Amino acid sequence: MRLGLVIDLDVCVGCHACAIACKEWNASGTTAPLTDYQPYGAEPSGVWFNRIRSYEVGEYPNNKTINFPMSCMHCEDADCVTVCPTGASYKRAEDGIVLVDQNKCMGCNYCSWACPYGARELDRESGTMKKCTLCVDRIYDLKIPIEERQPACVLTCPAHARMFGDLDDPGSAVSSVVRERGGYQLMPELGYNPTNHYLPVRKAKPIPTENLGKPGFKDKIKGIANRIVKR
Amino acid sequence: MHPAFSVIFFTVSSGAGFGLFALLYLMDLFGLDGGLPVEQKLVAGILALVLVAAGLTSSMFHLANPKNAWRAFSRFRTSWLSREGVFAMAFYPFAIIYLGLTWLVLPELEVLRLTAGALATLLAWITLFSTGMIYGCLKTIRQWNSPLVPANYLALGHFSGALLLLAVARNGQVALTGYVTLVLALLVVAASLKAIYYFWIASPGTGSTIKTATGFTRGTVRLLDTGHTHGTFLTQEFGFQVARKFSLTLKTCVFLAGFVIPALILTVGGSAAIAIYAAVLTALLGMVAERWLFFAEARHVINLYHGAQHC
Amino acid sequence: MNAIVKIENHDKQEIKFTTCYMCACRCGIKVTLEEDKVRFIQGNRNHPTNQGVLCAKGSAGIMKQYSAAKLRKPLLRKPGSERGDGEFVEIEWDEALEMLTERLGNIRATDPSKLAFFTGRDQMQALTGLWAQQFGTPNWAAHGGFCSVNMAAAGLYSIGFSFWEFGAPDWDYAKYFIMWGVAEDHSSNPIKIGLEKLKRHGGKFVSVNPVRTGYSAIADEWIPIKPGMDGLLALSVVHVLLSRELFDWEFLIRYTNCAWLVVDTPGQQGNGLFLRDEAGNPLVWDLEKKTFVNGLDKDIAPALFGDFVAPDGRPVRTVMSLTAERYLDDRYAPANVAEECGVPAETIERMALEMAQVAFKETVELDIEWTDSWGRKHDKVIGRPVAMYAMRGIAAHSNGFHACRAVHLIQMLLGALDGPGNFRARAPYPKPVPPHQLPENNLDVINAPNTPLSRTPLGFPMRPEDLVIDADGNPLRIDKAYSWEIPIASHGLMHMVITNATNHDPYAIDTLMLFMSNMAWNSTMNTKNVQDMLREKDPEEPGQHKIPFLVVVDAFHSEMVNFADLVLPDTTYLERHDTISLLDRPISEPDAAADAIRYPLIKLDRDVRPWQEVLVEMASRLKFPAFTNADGTRKFKDYPDFIVNYERSPGVGFLAGWRGKNGEKSLKGEPNPKQWEKYIENESFFAHHWPDSQKYNRFANKEYLDVAAEVGFIGKSEPIIMQVYSEPLQKFRLAGQGLYDGPQPNNQTDRERLAKYFDPLPLWYKPLEQARVDENEYPFFALTQRPMLMYHSWDSQNVWLRQILAQNYMYMNRGQAARMGLQDDDWIWVESHNGKIRCQMRTMEGTQENTVWTWNAIGKQGGAWGLKPNASEATKGFLLNHLISELLPAKQGERRITNSDPVTGQAAWFDLRVKISKAAPGEEGSWPEFPALKPLPWDDGKRPDTLRYSTRSDDKPSK
Ligand SMILES: Nc1nc2c(c(=O)[nH]1)N[C@H]1C(S)=C(S)[C@@H](COP(=O)(O)OP(=O)(O)OC[C@H]3O[C@@H](n4cnc5c(=O)[nH]c(N)nc54)[C@H](O)[C@@H]3O)O[C@H]1N2
Ligand SMILES: Nc1nc2c(c(=O)[nH]1)N[C@H]1C(S)=C(S)[C@@H](COP(=O)(O)OP(=O)(O)OC[C@H]3O[C@@H](n4cnc5c(=O)[nH]c(N)nc54)[C@H](O)[C@@H]3O)O[C@H]1N2
Ligand code: SF4
Ligand code: SF4
Ligand code: SF4
Ligand code: SF4
Ligand code: SF4
Ligand SMILES: [Mo]
């Protein structure tokens with residue numbers, strides 16, 4: 001099994017709902033809490049597992065704005081795991097989820113250096129590295145209604161731009177949407193083989209505008225033959 | 001990358017320590033200029049151990065959760081950081097046996113002494129290499145992801161070690177020509193390697209760009225918003241940037257303080273104590289500058305997501 | 001491995017359903033509580049509004065609940081301290097309520113109009129409106145006047161429902177969707193859900209917006225229009241459609257007044273009014289009978305085009321002939337508007353043709369039988385799947401009313417309203433055009449002490465007689481709504497209240513009561529000066545303020561609270577009973593009528609009271625008839641009791657669900673004592689799903705209209721004829737022209753405004769302020785946008801949300817900036833005719849070249865909202881509001897006129913023009929600067945350096 005997310009860049013409006021839902025769930029999740037620094041002060045910041053960036057492609061007026069959520073990609077070849085000296089970072093054999101054992105981590109930051117996708121953040125208060133858990137504490141929780149056994153970010157996304165599933169199973173919804181829409185991985189050249197995929201912007205098909213009559217109604221209007229419409 | 005003092009000190013100091021020990025052993029083995037008196041060997045050896053120890057302890061300061069530091073040896077099989085720790089630890093017993101026997105001077109145990117020394121030296125080299133590989137293995141940082149990095153660590157470690165050895169030898173009433181030549185030889189090697197390295201990172205990398213990072217291949221890609229007003233762990237840890245000007249000046253310092261001045265002093269100033277100490281000191285300053293730049297110039301690919309066009 | 005993965009502590013947890021309050025979208029939420037602490041807030045999958053999803057604000061509700069800015073106790077301005085100094089003493093509720101009862105009692109017994117009660121973007125206008133009516137003051141309104149009344153008024157005077165909350169696009173069937181000037185809207189989650197659906201189905205999404213962020217980011221086509229030009233663009237589209245005869249004959253003849261006949265006698269009384277029979281029915285020309293017939297009858301064949309001579313000899317023309325004549329004029333040809341709109345002629349032409357293609361060649365046919373109002377059965381519902389939505393990009397301009405009418409005109413021409421794939425009505429809409437509800441304007445009733453108004457203060461004037469003015473034509477309302485200056489101000493003009501009350505124009509008031517609106521900061525124009533007005537003393541009455549007594553009802557430490565004489569602290573949304581009523585702004589969806597409740601989920605930890613409770617309490621103490629028994633005792637124990645038992649008309653109350661003795665009835669029925677319990681059992685919402693036969697064409701759908709009449713949505717079951725040509729507007733115009741036999745303005749300015757802006761057909765004119773400032777001196781349009789993750793001023797107190805957006809920048813087109821030598825993070829001066837601000841700028845591609853914009857309401861006054869005085873919201877964030885004047889630039893021989901739409905009084909936020917210059921080196925930080933608010937009595941001002949919120953007990957920091 002290879003669990004991960006598929007993110008649809010064609011419909012992501014950059015609303016940050018997923019980022020907040022993630023923060024909210026994980027504030028009391030398995031690696032809870034997620035410390036906030038200077039929460040009321042000049043420069044508030046904190047530990048987040050999912051951040052939304054926005055980019056602009058092309059130049060005015062042919063520019064396109066693309067919102068770009070990023071969380072852990074749960075890579076197949078996750079150097080963040082291999083470089084970890086303590087074994088705190090590990091990738092689960094059964095489902096490919098990459099986690100950090102808070103009881104083992106010594107807070108050396110080394111794994112975060114090895115992560116190309118900025119998915120790992122040190123919690124200075126606990127002194128440990130934290131990251132997206134793929135909501136491992138939701139998706140397997142039998143006490144949660146089956147249709148809600150999904151990552152918090154996926155459940156909440158108002159634009160349904162986030163999908164969760166098994167990318168090993170060619171029959172899964174995520175696998176087929178990746179096939180159909182040409183889903184891609186980020187920075188494949190680094191060879192991490194990320195599990196998360198991104199769906200590119202759709203190309204709208206042109207709407208025919210021929211055979212919609214010719215201009216010139218203005219002249220017709222004088223002696224126009226009214227149509228009989230009964231009411 | 002953010003140049004953390006603890007890490008700079010750690011690499012410079014332990015690098016010098018391992019270099020010093022390895023050279024000490026070789027000198028001892030081949031009895032350069034008739035070899036060093038026992039006291040000098042001990043001084044050099046202990047100095048090496050202290051430098052290594054100091055380095056390792058300072059690296060602890062960079063841990064956010066040191067109480068788990070002991071676990072760092074557990075991932076020997078995959079992690080260069082772990083390996084470095086393990087080898088560094090393994091180095092000590094052999095190094096101590098070697099120095100102990102050197103101190104006791106027991107001819108019947110000479111073989112043991114030399115084997116222990118040999119093993120310790122081997123471990124010193126491996127550890128130095130590992131330190132280099134901690135950085136060298138990161139695909140995320142082009143400026144590090146190269147064999148030049150461990151090569152640099154080895155060369156600079158031995159160069160600074162050689163200088164220290166010379167300084168120690170200076171008090172040994174022994175002929176210094178050999179030691180000086182050794183220093184100069186290593187200096188040339190280290191300097192050329194560093195030069196090659198600087199040329200190499202200056203060349204535009206063919207690696208990741210903002211386009212491969214985002215997958216937007218058509219048209220220019222510009223960052224509109226990082227998604228958070230103020231700094232995050234990512235900007236604090238990876239956002240560091242040096243002005244090109246400053247890094248150029250610093251590079252000249254690296255070469256002047258690190259190599260040119262020491263070379264001049266040693267060739268001109270001869271073997272006067274203060275000359276040698278001066279050489280050691282400026283060289284070490286040069287090393288620190290070199291190490292600071294090593295981090296400061298490293299551009300992690302995460303910066304692509306924060307607007308950098310390439311890294 | 002799972003071993004080390006901690007799983008929820010379900011035994012300690014409890015799940016409850018209620019309604020989100022973080023914005024006016026009012027989504028259903030599922031709240032997980034762990035030992036009276038909030039563990040998790042998620043969307044309710046069964047809720048019609050959000051169907052399980054939740055936005056950032058909603059999910060961040062936790063951090064609102066635990067905000068450091070929460071008020072804790074009633075506050076009285078410290079005796080001897082100056083208003084606005086923010087020095088308060090805590091008082092008990094009894095004292096506060098007695099003080100207020102006495103004061104309001106006196107006002108009510110003498111001159112009820114001296115109480116002005118204005119409420120913000122609240123979700124309880126049905127109650128506050130009833131309260132004001134019972135008190136007897138006409139001076140009540142909610143925020144609609146500065147929000148989006150242009151959309152409501154334009155819709156309700158044209159099609160019977162409207163953008164804003166009274167309709168929604170049909171995402172299931174739409175194939176072409178145009179969004180005019182929307183960044184977020186109230187329908188926040190539904191739009192996001194819908195856009196994804198539309199795109200998944202292969203529909204095309206076009207966004208008309210000077211800025212490309214948010215929704216516009218995912219648009220298939222972005223049209224960077226110049227601000228204020230939408231009306232012109234829309235009318236040019238109309239031009240293209242007409243010029244190719246691309247309009248829906250059936251729809252126009254059956255469902256609109258296009259065939260009605262207009263008297264064409266320029267310069268004479270009665271010109272431009274409909275030709276009517278004795279009974280007042282509009283007449284049309286019957287092509288078969290060859291005679292004039294009642295245009296409302298069935299079995300008629302009205303002529304859509306034509307000039308005729310009325311029996312009385314007057315020349316008459318059909319509305320359609322007038323329409324065609326006006327918009328076929330070359331003035332509206334794409335080539336002739338392209339420059340002004342900043343949109344290429346080809347694009348305008350293509351837009352129009354694409355709409356027509358989808359509407360007429362890609363129709364949707366559903367096998368649904370329905371019956372029209374004339375009894376004719378149809379076996380199909382035909383949809384012309386073009387949907388539109390528009391909001392403040394159009395509304396917040398002084399030409400927004402007509403611009404919005406122009407958009408509705410396109411919809412009517414395409415026959416694309418309330419059908420499959422169209423913009424569709426949300427119950428209780430559609431209503432008659434306009435709704436049959438007139439504002440109270442009987443002087444005797446208004447002045448009568450201790451007497452309720454005979455009807456609510458707000459309504460929809462049909463003619464000059466309906467204005468709320470005295471015999472001399474002076475306004476009777478403090479905001480001058482329904483006066484000659486602003487005749488159709490259907491939501492009042494909240495943005496004028498403080499200015500008018502301070503100037504004692506039209507008269508002085510005694511008490512201003514503000515609920516849930518930060519009028520001292522982001523919801524007011526001209527913020528800095530308005531703060532001074534609030535401080536202003538009355539020279540006539542030494543020691544007294546121009547606005548003598550200011551009551552602020554808030555839940556948090558806002559900038560407004562700082563100016564209060566009396567602060568009544570409210571509860572949070574998780575702590576109180578509340579209703580989202582069909583009598584109010586509905587949460588219905590096109591396919592279901594719906595309402596919802598809130599009820600307390602967590603225990604109160606402070607001495608605060610729900611405003612709902614306080615209103616009922618005050619109403620009882622002041623003995624409002626509706627709240628008092630014949631014997632003088634109070635009628636309702638408390639708010640929940642009021643909700644259950646109050647009936648506006650027999651069987652119709654605040655909540656439509658589970659009515660009837662045993663909760664067996666929906667929409668209408670006797671009170672049900674167990675109604676609250678029923679709602680709570682049913683996840684806190686009620687939805688009545690319309691049967692297929694009642695889902696479409698409801699303006700003329702007999703089955704639907706019968707039900708609507710039965711349950712009181714509308715007066716009686718009769719077709720709702722859409723008004724392309726608006727006779728009420730024409731009546732006001734005649735008054736301006738001196739041709740109306742009835743009240744007419746005696747002031748020249750008013751006459752000119754009526755004559756010019758009360759055109760019965762949609763028109764475009766240059767926004768008023770822009771017509772008065774020099775475009776060369778002030779070359780840029782300046783706008784704000786809603787950030788999707790922040791709600792106006794009150795999300796900066798949210799420690800999670802503010803990490804995302806703690807400082808706003810002024811955004812400018814990158815090429816434009818380069819030409820001006822400006823770059824990212826430069827500090828700039830931005831200057832308007834009203835003042836200047838200093839702020840930091842950013843460049844981007846996605847901004848129209850003549851436009852600059854920033855995020856709304858991010859700038860804060862230091863010390864407010866529980867933040868430290870050095871919060872970047874206060875030191876670097878800024879408000880655009882300082883630049884926006886509530887009055888138009890002065891003009892020779894004219895009294896100062898409100899900076900609003902001349903028809904509706906909608907605040908013209910986006911008419912602003914500015915000039916921009918780089919700040920001098922060293923000039924940094926936002927300007928103007930404001931003194932930091934003082935901490936409130938219970939607050940030592942200290943704030944922790946880290947926050948580690950969690951419901952997990954076993955999470956101690958490891959060091
Ligand atoms: N997240 C969030 N949601 C909210 C709110 C909030 O504060 N935050 N506020 C709520 C309230 S009170 C309201 S009234 C609604 C308002 O909802 P919106 O109408 O979406 O509010 P604005 O952000 O003012 O959006 C105005 C949009 O019109 C564009 N615009 C400006 N001028 C023009 C123009 O002349 N023509 C065109 N075509 N576009 C133009 C702007 O670029 C902007 O995108 O949102 C509600 N929902
Ligand atoms: N420049 C510019 N200015 C604008 C706009 C714009 O687009 N541009 N938009 C305008 C529009 S459309 C609107 S609607 C206004 C909105 O502006 P406001 O009406 O001021 O809305 P908020 O900023 O949300 O402030 C509402 C107040 O209600 C308080 N509050 C929050 N929750 C509760 C509660 O449960 N009970 C009580 N009693 N009080 C509560 C908050 O603390 C806050 O003080 O802004 C207007 N101002
Ligand atoms: S919630 Fe969905 S739409 Fe919003 S930012 Fe996240 S992915 Fe994009
Ligand atoms: S995204 Fe980063 S943290 Fe996640 S698995 Fe890949 S490398 Fe590791
Ligand atoms: S920070 Fe923790 S998880 Fe990351 S490498 Fe160091 S020990 Fe491993
Ligand atoms: S999967 Fe869970 S942890 Fe990962 S980003 Fe989504 S919400 Fe956060
Ligand atoms: S849109 Fe967001 S804030 Fe508004 S009600 Fe829905 S969830 Fe709450
Ligand atoms: Mo609003």
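Side chains included, hydrogens not; waters and symmetry mates left out as well; all remaining heavy atoms used. Convention: sequence-line order gives letters A, B, ...; per-chain numbering from 1. A quick note: this is a predicted structure, and the numbers were derived from the prediction, not measured.
- With hydrogens and angles ignored, the 3.5 Å screen pairs a side-chain donor or acceptor of A/Q102 with a backbone N or O of A/M129.
- Note: A/G41 leads A/G213, A/C157, A/G41, A/G58 in heavy-atom pairs under 4.5 Å with chain C.
- Both the backbone and the side chain of C/M844 have a heavy atom closer than 4.5 Å to some heavy atom of chain A.
- Looking at C/F360, there are no atoms closer than 4.5 Å to chain A (heavy atoms on both sides), in backbone or side chain.
- In this structure, the portions of C/S872 lying under 4.5 Å from any heavy atom of chain A include both its backbone and its side chain.
- Within the 4.5 angstrom heavy-atom criterion, atoms from both the backbone and the side chain of A/N211 approach chain C.
- With chain C as the partner, the residue from A/A19, A/G46, A/C18 showing the most heavy-atom pairs under 4.5 Å is A/G46.
- Under the 6.0 Å distance and 45° angle rule, C/R39 counts as a cation-pi partner of A/W25.
- Heavy atoms closer than 4.5 Å to chain A are found in both the backbone and the side chain of C/E849.
- Top candidate by heavy-atom pairs under 4.5 Å with chain C, chosen from A/L9, A/I66, A/D137, is A/D137.
- The candidate with the highest count of non-hydrogen atom pairs below 4.5 Å against chain A, out of C/N813, C/L195, C/T32, C/T875, is C/N813.
- The aromatic rings of C/Y949 and C/W800 lie perpendicular to each other, with more than 60° between the two planes, well past the 30° mark.
- When heavy atoms are compared at a cutoff of 4.5 Å, A/R138 approaches chain C solely by way of its side chain, counted from C-beta outward.
- When each of C/L867, C/L328, C/L947 is scored by its heavy-atom pairs under 4.5 Å with chain A, the top score falls to C/L947.
- Using a 4.5 Å cut-off between heavy atoms, C/R376 contacts chain A through its side chain alone, with no backbone atom that close.
- Only the side chain of C/I804 comes within contact range of chain A, with heavy atoms under 4.5 Å apart.
- With A/Y90 as the aromatic partner, A/K104 does not meet the cation-pi criteria of under 6.0 angstrom to the ring centre and within 45 degrees of the ring axis.
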